Asks: 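If you scroll down you'll find the structure; I have some questions about it.
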Amino acid sequence: MTWATRAAAAGLSALAGVAARDLLQREHTLLRNFPVIGHARYLLESVGPELRQYLVAGNNEERPFTRDQRRWVYASAKKQNNYFGFGTDNDLEYTAGYSVINHRTFGRAVPTTHVQAGHETPLPSAKVLGGPRGRARAFRPESVVNISAMSFGSLSGRAVESLNRGAALAGCLQNTGEGGLSAHHRHGGELVFQIGTAYFGCRDEHGRFDLARLKDLVASAPVRALEVKLSQGAKPGLGGVLPAAKVSAEIAAARGVPEGVDCISPSRHAEFSDADSLLDWVELLATETGLPVGIKAAVGDMDFWRELTALMASTGRGVDFVTVDGGEGGTGAAPLIFTDSVSLPFQLGFARVYSAFARAGLQEQVTFIGGGKLGLPDNAIVAFALGCDLVNVAREAMLAIGCIQAQKCHTDTCPTGVATQNPWLSHGLDPELKSVRAATYITTLRRDLRKVAEACGVEHPGLIDNTSVEILTGRTASRPLAEVYDYEPGWGLPSAADRAEIVRLMTGAPQGGSAPPSPTAVG
């Protein structure tokens, strides 16, 4: 570059700087002299998410759930037509990482065709929760789709009640979340009681874990399993604070904390400090309650999982289930850096955890549960192919009962009354109506999962193996799911005995078909 060229460039840069400063000065003058415009600017910013979702954004632009995804959930919850016409508008050819499900021309199972067929068909787990370890109250979950951990306090009482009533109607489980077991959880739905770092609902007056209170609580409600929460996808490695203003008498009673005082969830447990002591505590809880006991965690450091599986293989102690929460999970409020960049996304994190158990020969003894946008059929199918036995739904269940993805969950100003403790905002949420929508969404998701399984030639989504899914790597190439995640042959499926039993249980399910064969049929 010559000196003349450099001088000209410097001059242009200076002029650009002057122009930018002049523009900023004019904007500040305008806002100072016309404060109404300034207020309008902030008003538009505050309703930006809603404007983009309903007026501006395309079908596949919004996050965390696109318009198409939300439309599918809303239509499913209302038992409306949730089909889409004119072909996909997803950019399959140029989307690396896109999952494609390989249907089979011939298979043991044939999907039904009618749009509503399969809503009432049970879809139980292929594994017995707690069975391999001989827990006294082991059971086979009636539904492969269940409601994920969302605490009363994060959600309104009416939202929790709607989900619990919906769980009862759909025959699925509702996880209480770490915020304790409230009156809103006692409307017929069976529960997984989550034990977090603050031991809400099973703590003494000093905040210490109280085994006697846990046993009393379990005896008073339809609790089917206990889940020890180590971390979650929304805020992995962090604790939490429920501000004093939100700690009402009702929340205080459910959690066992003082009313009107900041409610603190520490970042670590006090009852154990490593994988070895964790297993001791799990066995204590299982022995004292008879319930299956599992752990929930987002995935980061793999040393923990390798140590855990080595101890389970060598000592005979163990967890009954593992819930892997993807980093894309999001019902909890957290710093942006944690929601965006801490912990692995579901597929990658789950595959690593499953592989650790499989290499230790433990994968058939543990029920694997997945969470993180798995309330959408395509994501759920990939989860089952990777080895999930159950999937949990959280934000999708919120959408089913009225959430509009306003992304105000952390402000106590949720406009639909789902994620707020403001009585004025939540009073319009009708549990009688919304519970039916929650149940209908869950049964519709189960119907679609069963249809896809049958299109893959099997009777149940838990029998979809990883050869049925491949991942696009560009416009002209793809890789099998097993190859992408370094799975060995046979990984991802239940044991032979569990496969045979779930096929037997599904034998009575309605099947599709065609007209009777003609006299000239050849097979």
Side-chain angles (χ1 to χ4, degrees), residues 46-55 57 62-82 119 145-170 172 174-177 179 182-185 187-189 234 246 250 329-333 371 373-376 392-446:
S46 69
V47 296
E50 290 87 350
L51 289 174
R52 289 193 297 273
Q53 287 173 33
Y54 291 99
L55 300 176
E62 281 293 302
R63 294 291 183 271
F65 291 89
T66 69
R67 181 179 296 178
D68 275 351
Q69 291 169 339
R70 296 197 311 277
R71 185 154 61 95
W72 182 84
V73 173
Y74 295 146
S76 298
K78 297 174 184 178
K79 214 168 187 177
Q80 295 175 349
N81 184 350
N82 64 354
H119 263 102
V145 179
N146 298 285
I147 297 172
S148 191
M150 293 180 283
S151 300
F152 170 52
S154 296
L155 299 191
S156 68
R158 285 175 176 261
V160 172
E161 179 182 343
S162 298
L163 294 174
N164 188 256
R165 290 180 182 271
L169 292 171
C172 73
Q174 179 190 23
N175 192 306
T176 63
S182 69
H184 307 291
H185 291 101
H187 292 276
K246 293 185 179 181
E250 197 174 22
T331 59
K373 296 184 74 173
L374 302 186
L376 304 168
N392 284 345
V393 296
R395 287 173 293 178
E396 300 91 334
M398 292 168 65
L399 291 169
I401 64 171
C403 168
I404 61 169
Q405 193 170 279
Q407 297 176 293
K408 299 181 184 295
C409 313
H410 59 297
T411 66
D412 203 34
T413 59
C414 170
T416 60
V418 174
T420 179
Q421 297 306 308
N422 185 317
W424 188 84
L425 291 171
S426 63
H427 82 282
L429 198 160
D430 179 6
E432 292 288 340
L433 171 64
K434 299 300 186 179
S435 61
V436 174
R437 291 189 178 174
T440 305
Y441 157 69
I442 290 167
T443 56
T444 303
L445 176 56
R446 291 197 305 233

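Fair warning: this is a prediction, and the values are worked out from it, not measured in the lab.
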Asks: Suppose the criterion is salt bridge (charged side-chain N to carboxylate O under 4.0 Å, His left out): which pairs have a residue in residues 397-406, not counting sequence neighbours?
Replies: none
Asks: What pairs with Asp412 under side chain to side chain donor-acceptor pair (under 3.5 Å), at least two apart in sequence or on another chain?
Replies: Thr420
Asks: Going through the distances and angles, do Arg395 and Lys373 end up as a side chain to side chain contact (heavy atoms under 4.5 Å, CB included)?
Replies: CA-CA 8 Å; Arg395 287 173 293 178; Lys373 296 184 74 173; 3.3 Å; yes
Asks: Does the side chain of Thr416 reach to within under 4.5 Å of the side chain of Met398, using non-hydrogen atoms?
Replies: no
Asks: For His187, enumerate each residue passing the ring-ring contact (aromatic ring centres under 6.0 Å, His included) test, keeping only those at least two apart in sequence or located in another chain.
Replies: none
Asks: Identify the heavy atoms of Leu429 and Ser162 that sit nearest to each other, and give their distance.
Replies: CD2-OG, 3.3 Å
Asks: Can you give each donor-acceptor pair under 3.5 Å made by side-chain atoms of residues 432-439, sequence neighbours left out, with the distance rounded to 0.1 Å?
Replies:
| from | atom 1 | to | atom 2 | distance (Å) |
| --- | --- | --- | --- | --- |
| Ser435 | OG | Pro431 | O | 2.7 |
| Ser435 | OG | Glu432 | O | 3.2 |

Asks: Taking all non-hydrogen atoms of both residues into account, name the closest pair between Ser148 and Ala394 and its distance.
Replies: CB-CB, 3.8 Å
Asks: I'd like to check the side-chain contact (heavy atoms from CB on, under 4.5 Å) partners of Ser151; sequence neighbours left out, ordered by chain and number.
Replies: Ser154, Glu178, Arg255
Asks: Which residues pass the side-chain contact (heavy atoms from CB on, under 4.5 Å) test with Ala183, sequence neighbours left out?
Replies: none
Asks: Any salt bridge (charged side-chain N to carboxylate O under 4.0 Å, His left out) involving residues 148-161? Give me the pairs, sequence neighbours left out, ordered by first then second residue.
Replies: Glu161-Arg165
Asks: On a heavy-atom basis, which atom in Pro415 and which in Lys408 lie closest, and how many Å separate them?
Replies: CD-CD, 4.3 Å
Asks: Taking only residues two or more places apart in sequence, or in another chain, which ones meet Glu396 in a salt bridge (charged side-chain N to carboxylate O under 4.0 Å, His left out)?
Replies: none
Asks: So do the side chains of Leu155 and Val418 get within less than 4.5 Å of each other, counting heavy atoms only?
Replies: yes
Asks: Between Gln407 and Pro64, what is the shortest heavy-atom contact and its length?
Replies: NE2-CD, 3.7 Å
Asks: Please name all residues satisfying side chain to side chain donor-acceptor pair (under 3.5 Å) with Thr440, sequence neighbours left out, ordered by chain then number.
Replies: none
Asks: How about Tyr441 and Leu399: do any of their side-chain heavy atoms sit closer than 4.5 Å?
Replies: no
Asks: Ignoring hydrogens and geometry, is there a side-chain-to-backbone donor-acceptor pair from Arg70 to Phe65 under 3.5 Å?
Replies: yes
Asks: Determine, stepwise, if the pair Leu445 / Trp72 fulfils side chain to side chain contact (heavy atoms under 4.5 Å, CB included).
Replies: CA-CA 10 Å; Leu445 176 56; Trp72 182 84; 4.0 Å; yes
Asks: Testing the basics here: between Gly189 and Ala167, what is the closest heavy-atom pair and its distance to 0.1 Å?
Replies: CA-CB, 4.3 Å
Asks: Asn175: which residues meet the side-chain contact (heavy atoms from CB on, under 4.5 Å) condition with it, sequence neighbours left out?
Replies: Ala149, Val192, Gln194, Glu227
Asks: Indicate the atoms forming the closest heavy-atom contact of Ile147 with Leu163, along with that distance.
Replies: CD1-O, 3.4 Å
Asks: What residues form a side-chain contact (heavy atoms from CB on, under 4.5 Å) with Pro423, not counting sequence neighbours?
Replies: none
Asks: Give me the one residue out of His184, Met150, His185 that meets side chain to side chain contact (heavy atoms under 4.5 Å, CB included) with Thr176.
Replies: His185
